[in-house]
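Here is the structure we will look at, set down as structure tokens.
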Amino acid sequence: MILQPVGDHVIVKPLENEKVTNSGIIIPETVEKERSERGEIIAVGPGKLLKSGARQSMEVAVGDKVIFKKYAPDEVELDGVTYLVIRADEIMAIIK
């Protein structure tokens, strides 16, 4: 089965939380219980439909690693894998 987002939605595969930061700081286990706020985009919708009938272009693309608002995504499970569905305007940054 394939997930194809509609409108300005994107499908994101959550990235695992790091246990040790680059500077060597150890992150406590309690952080792992919370949903990651980072992910990799695996599918992008066509863009928001404007009143004029045109589509707003998407600022993100498949393969981008992004940071999104903590409570923005909806979880869906497909073939035992959890994905997140997020509106494009809930994405705060692209990780380069």
Side-chain angles (χ1 to χ4, degrees):
M1 218 179 269
I2 297 173
L3 290 174
Q4 176 60 49
V6 297
D8 63 339
H9 289 85
V10 297
I11 308 294
V12 175
K13 185 173 182 182
L15 296 175
E16 296 295 322
N17 288 327
E18 297 176 340
K19 298 188 191 289
V20 179
T21 65
N22 291 338
S23 60
I25 297 172
I26 298 172
I27 299 173
E29 289 181 21
T30 55
V31 172
E32 290 181 21
K33 294 179 182 168
E34 294 187 23
R35 179 171 34 195
S36 176
E37 296 172 22
R38 296 176 178 214
E40 181 177 350
I41 295 179
I42 61 164
V44 178
K48 184 177 183 176
L49 186 60
L50 303 174
K51 289 182 181 180
S52 65
R55 293 247 179 220
Q56 180 178 0
S57 62
M58 298 291 277
E59 295 182 63
V60 294
V62 173
D64 285 348
K65 290 185 173 57
V66 295
I67 298 173
F68 47 85
K69 293 181 180 178
K70 186 173 194 167
Y71 298 106
D74 291 312
E75 287 186 10
V76 294
E77 189 172 319
L78 183 64
D79 298 331
V81 179
T82 300
Y83 298 101
L84 305 175
V85 181
I86 305 171
R87 294 183 69 94
D89 60 356
E90 300 292 336
I91 296 173
M92 299 185 296
I94 298 172
I95 302 169
K96 299 260 181 177

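Because only heavy atoms are used, hydrogens play no part in the values below, and waters and symmetry mates are left out as well, while side chains stay in.
Heavy-atom minimum distance, Gly45 versus Pro5: N-CG, 3.3 Å. Of all heavy-atom pairs spanning Gly39 and Phe68, the tightest one is N-CE2, 3.8 Å.
A continuous path of ILVMFWY side-chain contacts below 4.5 Å connects Val12 to Val62, so both sit in one hydrophobic cluster. Hydrophobic clustering (side-chain heavy atoms under 4.5 Å, transitive across Ile, Leu, Val, Met, Phe, Trp, Tyr) keeps Met58 apart from Leu49. When hydrophobic clusters are built by joining Ile, Leu, Val, Met, Phe, Trp and Tyr residues whose side-chain heavy atoms come closer than 4.5 Å, directly or via intermediates, Val81 is grouped together with Ile11. Cluster membership for Ile91 and Ile67, using ILVMFWY side-chain heavy atoms within less than 4.5 angstrom, is not shared. Note: the hydrophobic cluster containing Met92 does not contain Val44 (ILVMFWY, side chain heavy atoms under 4.5 Å, direct or indirect links).
With Arg55 contributing its side chain and Gly47 its backbone, the two residues share a donor-acceptor pair below 3.5 Å.
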Side chain to side chain contact (heavy atoms under 4.5 Å, CB included) assessment of Ile86 paired with His9: CA-CA 5 Å; Ile86 305 171; His9 289 85; over 6 Å; no
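Contact of the Ile95 side chain with the Arg38 side chain is registered, since non-hydrogen atoms from C-beta on lie closer than 4.5 Å.
Taken to the nearest 0.5 Å, the OH atom of Tyr83 stands 4.5 Å off from the CD1 atom of Ile42. How far CG of Asp79 is from CG of Leu3: 9.0 Å, rounded to the nearest 0.5 Å. Here NZ of Lys13 is found 8.0 Å from CD of Glu40. Values are rounded to the nearest 0.5 Å. Within the model, atoms CG of Asp89 and CG of Asp8 stand 6.0 Å from one another, a figure rounded to the nearest 0.5 Å. The distance from atom NZ of Lys70 to atom CD of Glu37, rounded to the nearest 0.5 Å, is 5.5 Å.
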